[in-house]
Amino acid sequence: SPTLAIKDTMMFITSGDGVYISHDWGRSTHLYNMGLPMDTVVYGTNTYYLLGVTDMLTTANYVYCATSKGVYKSDYSLTGWTEVLTTSGNRQDWKLYSEGNNIFAHTRDSLFRSTDNGVTWQTLYTRQSGLRSFAAGNNQLYLAVDSFGVIRSADGGATWQPISAGIQNQNIVNVTYTGNSLYCGS
């Protein structure tokens with residue numbers, strides 16, 4: 001599904017074609033895909049080439065683009081995308097978040113953190129599958145995990161504890177932290 005990221009007067013809009021940029025609040029756009037990987041999809045006898053962009057994130061100095069093959073970043077001079085995080089194996093649906101000076105990226109099976117603008121990444125959590133959503137707030141990290149509920153780390157991802165006891169439906173698909181509260185959706 002399309003995503004939107006905004007930095008000052010720049011809008012980054014995703015579609016099946018890749019990333020569109022607008023400098024005039026969407027009145028005009030142009031494609032900005034240099035350096036992003038293409039997905040090859042074969043359907044019957046036809047072959048299609050798509051840019052599988054799954055999320056966007058803007059920070060003070062960079063814009064990050066999550067694709068089906070990994071995470072890419074560009075500075076605002078817009079000279080091209082550089083791969084900063086990828087995993088081996090199947091196509092992934094990456095999601096991106098920021099909290100303070102941290103950039104977080106997660107797939108259905110892993111959560112990663114970078115504290116240096118994507119130069120290096122640390123794996124914070126891994127599982128065969130089932131990571132649905134991530135939130136951070138008040139120096140704590142939260143993950144929604146299929147059929148397991150919500151888990152929390154109070155030590156930067158070193159250890160995780162379940163915190164959803166008492167929630168009848170443990171199939172939490174979304175978590176968000178705002179103010180001083182964690183909200184869960186199933």
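Positions are given from 1 along the sequence. What you see is a predicted model; the values in this text were computed from it and never measured.
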Next item on the list: Please step through ring-ring contact (aromatic ring centres under 6.0 Å, His included) for the pair Phe112 and Trp94, ending with a clear verdict.
Entry: CA-CA 11 Å; Phe112 304 91; Trp94 292 86; 5.7 Å; yes

Notebook entry, point to check: Between Lys7 and Val63, does a side chain to side chain contact (heavy atoms under 4.5 Å, CB included) hold up when you go through it step by step?
Noted result: CA-CA 8 Å; Lys7 170 66 173 152; Val63 58; over 6 Å; no

Next item on the list: Let me see the working for Arg132 and Asp146 under side chain to side chain contact (heavy atoms under 4.5 Å, CB included), right down to the final yes or no.
Entry: CA-CA 7 Å; Arg132 299 296 297 258; Asp146 276 350; 3.0 Å; yes

Next item on the list: Tell me, with the steps shown, if Trp25 and Thr9 meet side chain to side chain contact (heavy atoms under 4.5 Å, CB included).
Entry: CA-CA 7 Å; Trp25 297 107; Thr9 60; 4.2 Å; yes

Note to self: Applying side chain to side chain contact (heavy atoms under 4.5 Å, CB included) to His23 and Met11, what does each step give before you reach the verdict?
What the structure shows: CA-CA 7 Å; His23 294 278; Met11 294 177 72; over 6 Å; no

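Residues Thr29 and Ser22 have side chains that never bring a donor and an acceptor to within less than 3.5 angstrom of each other. Donor-acceptor pairing under 3.5 Å is lacking for the side chains of Ser186 and Asn171. If you check the side chains of Thr59 and Asn61, you find no donor sitting under 3.5 Å from an acceptor.
Taking both residues in full, the closest heavy atoms of Thr14 and Met56 are given as CG2-CG, 3.2 Å, listed atom of the first, atom of the second, then distance. Between Ala5 and Leu57, the shortest heavy-atom distance links the atoms CB-N, 4.3 Å.
Heavy-atom contacts from other residues, nucleotides or ligands closer than 6.0 Å to CG of Asn169 number more than 12. Heavy-atom neighbours of Asn101 CG from other residues, nucleotides or ligands within 6.0 Å: at or below the threshold of 12. Remark: Tyr177 OH is packed, more than 12 non-hydrogen atoms of other residues, nucleotides or ligands lying under 6.0 Å away. Heavy-atom contacts from other residues, nucleotides or ligands closer than 6.0 Å to OH of Tyr183 number 12 or fewer.
Atom-to-atom distance recorded for Tyr97:OH and Leu141:CG is 12.5 Å, nearest 0.5 angstrom.
The shortest side-chain heavy-atom distance between Pro37 and Thr67 falls under the 4.5 Å cut-off. Residues Met10 and Leu78 meet the side-chain proximity criterion, which asks for heavy atoms closer than 4.5 Å. Between Leu131 and Thr107, every side-chain heavy-atom pair lies at or beyond the 4.5 Å cut-off. Counting only heavy atoms from C-beta outward, the side chains of Val175 and Leu182 approach each other to under 4.5 Å. For the pair Cys184/Tyr142, no side-chain contact is recorded, criterion being any heavy-atom separation below 4.5 Å from C-beta on. In this structure, Val145 and Val150 have side chains that are not in contact, with every pair of non-hydrogen atoms separated by 4.5 Å or more. With a 4.5 Å cut-off on side-chain heavy atoms, Asn117 and Tyr64 count as touching.
At least one donor-acceptor pair closer than 3.5 Å links the side chain of Ser114 to the backbone N or O of Thr120. A distance-only check finds no donor-acceptor pair linking the side chain of Asn138 to the backbone of Gln140 [under 3.5 Å]. With hydrogens and angles ignored, the 3.5 Å screen pairs no side-chain donor or acceptor of Asp55 with any backbone N or O of Ala66.
Phe134 and Phe104 have tilted rings, their planes meeting at an angle from 30° to 60° on a 0 to 90° scale. Ring planes of Tyr125 and Trp160: perpendicular class, angle over 60° (limits at 30 and 60°). Ring-plane geometry between Trp81 and Tyr32 is classed as tilted, the angle between the planes lying from 30 to 60 degrees on a 0 to 90 degree scale.
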